[in-house]
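Just so we're clear, the structure is a prediction, and the values are computed from it rather than from any experiment. Residue numbers start at 1 and run along the sequence shown.
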Amino acid sequence: MAASPPPYNPVPVAYQGGAGAVPVWLNKGDNAWQMVAATLVGLQSVPGLVILYGSIVKKKWAVNSAFMALYAFAAVVICWVSWAYKMSFGDKLLPFWGKAGPALGQKFLINQAALPASTHYFSDHKTVETAEITPWYPMATMVWFQCVFAAITVILLAGSVLGRMNFKAWMMFVPLWLTFSYTVGAFSLWGGGFLFHWGVMDYSGGYVIHLSSGIAGFTTAYWVGPRVKKDRERFPPNNVLLVLAGAGLLWMGWAGFNGGDPYAANTDSSMAVLNTNICAATSFLVWTWLDVIFFEKPSVIGAVQGMITGLVCITPAAGLVQGWAAIVMGVMSGSVPWFTMMIVDKRWKLLSAVDDTLGVVHTHAVAGFLGGVLTGLFAEPELCALFLPVTNSRGGVYGGSGGMQILKQIVGALFIIGWNIVVTSIICLVLRCIVPLRMPEEQLLIGDDAVHGEEAYALWGDGEKYDVTRHELYSDDTSHAQKYPSSGATQVV
């Protein structure tokens, strides 16, 4: 007797549980949160940093600075799905690097997410110490989530070279740096590399994203060379209110940045989001008070810098520390980078000689390194067990293996610093054999109109160009005498 056909199901396949688009392993809540988190991180870059960069620079560089960020985002997306994702989270090629390959096929993308692609065993070669993570959503979600992290890293790096890097050189620099630098840090610390299995803690990118972008940005700034003397001496923001708008997108977007890294909508993601805001607010206030105490003015740009250093500092620790530790880290992130930016930068010849436009080495490298070390100090054992794959992880204040953890954090940081200095230097040296890294002098003097044929603001009517024969004399050089000259952080940018 022939088997009877299955009963007709009027529900479309896209909504049927256990089949098609809704496999048994899919958790719709986790999938929804992970895609929202990825979108929040994407919004930090586009439009967040696009707006912030376009507003925090001198008017003549507004278009160029914003477009550097926008170009980097688009370029990273294509490179990421073509080869870079698997270099960061795929099968091991070297202890610090994965095998390149596309992340474009349907069979790969609709399967359950899994990372890293390697399992680590104890010395008995039988007992698993760090297992593969298998979140309850498809690989497509994971690929996109990790993509926006890669994109924002390159965009943060751009902050060091605004106002003078040849755009053609930047177009080639982005895919090269993503391929040979970012993927190494990501695989080593997140994707199953030697630092991951050793137990170096980097919850959401204090090392992979912020330390690497700060060091690589400073190194790139060294090879590109400084802005023109006039721009370096006086570089006022062209729109402080839009700087705050971009900074606000950055701050609120950090809920996805840190809240998405448990790879699930769980209790640890809630801890990460709360700690992120506690640390950022504390750092913001500390930086502002230091500006008031030492410069007698609360600088808006300085406050934004303090907010950023707080967000950066808590990133490697967000879901691993208690709330009181987040406050301590906020105090440190609001004071240590402030000291290096305002005091050390002016007294150490190396720092003052290299033209790091937005002080990325302070806001990201110093704050990222500080956050990584403090993570090794304050990581709470129970919270570590909620997230970290290495068993019995803990910070120094909790005894046991905690003292060793601080050493691991320092070694991890030194690897990221060394790799970025060497690889970024090689990329710059190769590129300058092909195209100048720095814009020609005539472009540096004019800015956006010479580089792109476009300007940020139509100041002379309905989009018409400035004509000295038809309009009153104008200059973006506002260095004329002021009753209350600017000071403090405003002078840095």
Side-chain angles (χ1 to χ4, degrees), residues 48-49 51-62 65 159-160 162-163 214 227 229-252 277-313 327 329-348 351-352 354-367 370 457 475-493:
L49 285 171
I51 293 173
L52 193 151
Y53 282 4
S55 307
I56 203 170
V57 297
K58 208 170 185 177
K59 184 183 75 68
K60 72 174 185 177
W61 292 115
S65 301
S160 293
L162 297 180
R227 291 165 287 174
K229 187 172 183 290
K230 180 181 176 183
D231 282 357
R232 196 171 184 191
E233 290 176 349
R234 180 68 180 169
F235 208 66
N238 69 81
N239 195 320
V240 174
L241 295 182
L242 279 181
V243 170
L244 292 176
L249 285 167
L250 204 61
W251 189 341
M252 293 299 100
N277 287 280
I278 290 173
C279 186
T282 304
S283 184
F284 177 102
L285 297 174
V286 169
W287 193 296
T288 300
W289 272 105
L290 288 172
D291 273 350
V292 170
I293 292 169
F294 289 94
F295 298 112
E296 300 181 355
K297 292 178 186 175
S299 166
V300 174
I301 302 300
V304 169
Q305 303 279 35
M307 174 206 83
I308 291 172
T309 56
L311 293 167
V312 169
C313 186
I327 292 178
M329 294 179 74
V331 172
M332 296 293 288
S333 65
S335 55
V336 174
W338 181 92
F339 179 75
T340 64
M341 180 179 281
M342 298 302 168
I343 309 300
V344 178
D345 189 89
K346 296 174 176 59
R347 298 183 181 182
W348 189 7
L351 290 175
S352 59
V354 177
D355 184 14
D356 181 356
T357 307
L358 299 185
V360 178
V361 72
H362 303 286
T363 56
H364 293 275
V366 173
L370 178 67
Y457 305 109
S475 171
D476 68 355
D477 181 6
T478 55
S479 58
H480 54 277
Q482 302 175 56
K483 185 176 179 181
Y484 302 107
S486 63
S487 61
T490 307
Q491 292 291 67
V492 176
V493 289

**Message:** Would you say that P236 contacts K58 through its side chain, given a criterion of any heavy-atom pair below 4.5 Å between the two side chains?
**Reply:** yes
**Message:** Using every non-hydrogen atom in the two residues, find where G310 and C279 come nearest and quote the distance to one decimal.
**Reply:** O-SG, 3.3 Å
**Item:** Pair W61, N238: side-chain N/O donor-acceptor within cut-off below 3.5 Å
**Value:** no
**Message:** Any heavy-atom pair between the side chains of M329 and T282 that's under 4.5 Å?
**Reply:** no
**Request:** Would you mind reporting whether L290 and S335 have side-chain heavy atoms less than 4.5 Å apart?
**Result:** yes
**Prompt:** Excluding sequence neighbours, so at least two apart, what forms side chain to side chain donor-acceptor pair (under 3.5 Å) with N239?
**Reply:** none
**Item:** T363/V312 under side chain to side chain contact (heavy atoms under 4.5 Å, CB included): CA gap, chis, key distance, verdict
**Value:** CA-CA 8 Å; T363 56; V312 169; 6.0 Å; no
**Request:** Show the numbers, then the answer: is there a side-chain hydrogen bond (donor to acceptor under 3.5 Å, both in side chains) between S283 and T309?
**Result:** CA-CA 7 Å; S283 184; T309 56; 3.1 Å; yes
**Request:** Measure the CE-CH2 distance between M332 and W338 for me, rounded to the nearest 0.5 Å.
**Result:** 14.5 Å
**Asked** So how far is it from I301 CD1 to I56 CD1, rounded to the nearest 0.5 Å?
**Response** 4.5 Å
**Asked** Hey, are the side chains of M252 and N277 touching, using non-hydrogen atoms and a 4.5 Å cut-off?
**Response** yes
**Request:** Taking all heavy atoms of G330 and all of S333, pick out the closest pair and write down the distance.
**Result:** O-OG, 3.1 Å
**Message:** Nearest 0.5 Å, please: how far is CG in D355 from NZ in K229?
**Reply:** 13.0 Å
**Message:** Test of understanding: with side chain to side chain donor-acceptor pair (under 3.5 Å), list the residues that count as partners of T288, not counting sequence neighbours.
**Reply:** none
**Message:** If you compare all heavy atoms of L311 against all heavy atoms of A280, which two are closest, and at what distance to 0.1 Å?
**Reply:** CD2-CB, 3.5 Å
**Asked** Do you know which two heavy atoms are closest between A247 and V304, and how far apart they sit?
**Response** CB-CG1, 3.9 Å
**Asked** Quick one: does H364's side chain get under 4.5 Å of I308's, heavy atoms only?
**Response** yes
**Request:** Heavy atoms only: give me the nearest V336-L370 pair and the separation to one decimal.
**Result:** CB-CD2, 4.1 Å
**Asked** Are H362 and F339 side-chain neighbours, meaning at least one heavy-atom pair lies under 4.5 Å?
**Response** no
**Request:** Determine, for D291 against K297, whether the closest basic-nitrogen to carboxylate-oxygen distance falls under 4.0 angstrom.
**Result:** no
**Prompt:** Between W287 and G302, is there a donor-acceptor pair closer than 3.5 Å when you use the side chain of the first and the backbone of the second?
**Reply:** yes
**Message:** When you compare the side chain of L358 with that of Y53, does any pair of heavy atoms fall below 4.5 Å?
**Reply:** yes
**Item:** Option from L49, L52, V57 for which side-chain contact (heavy atoms from CB on, under 4.5 Å) with S65 holds
**Value:** V57
**Prompt:** Mind checking whether F284 and W289 have ring centres under 6.0 Å apart?
**Reply:** no
**Message:** Counting C-beta onward and ignoring hydrogens, is there a side-chain heavy-atom pair between W251 and M307 closer than 4.5 Å?
**Reply:** yes
**Prompt:** Can you check whether T340's main-chain N or O pairs, donor with acceptor, with D345's side chain at less than 3.5 Å?
**Reply:** no
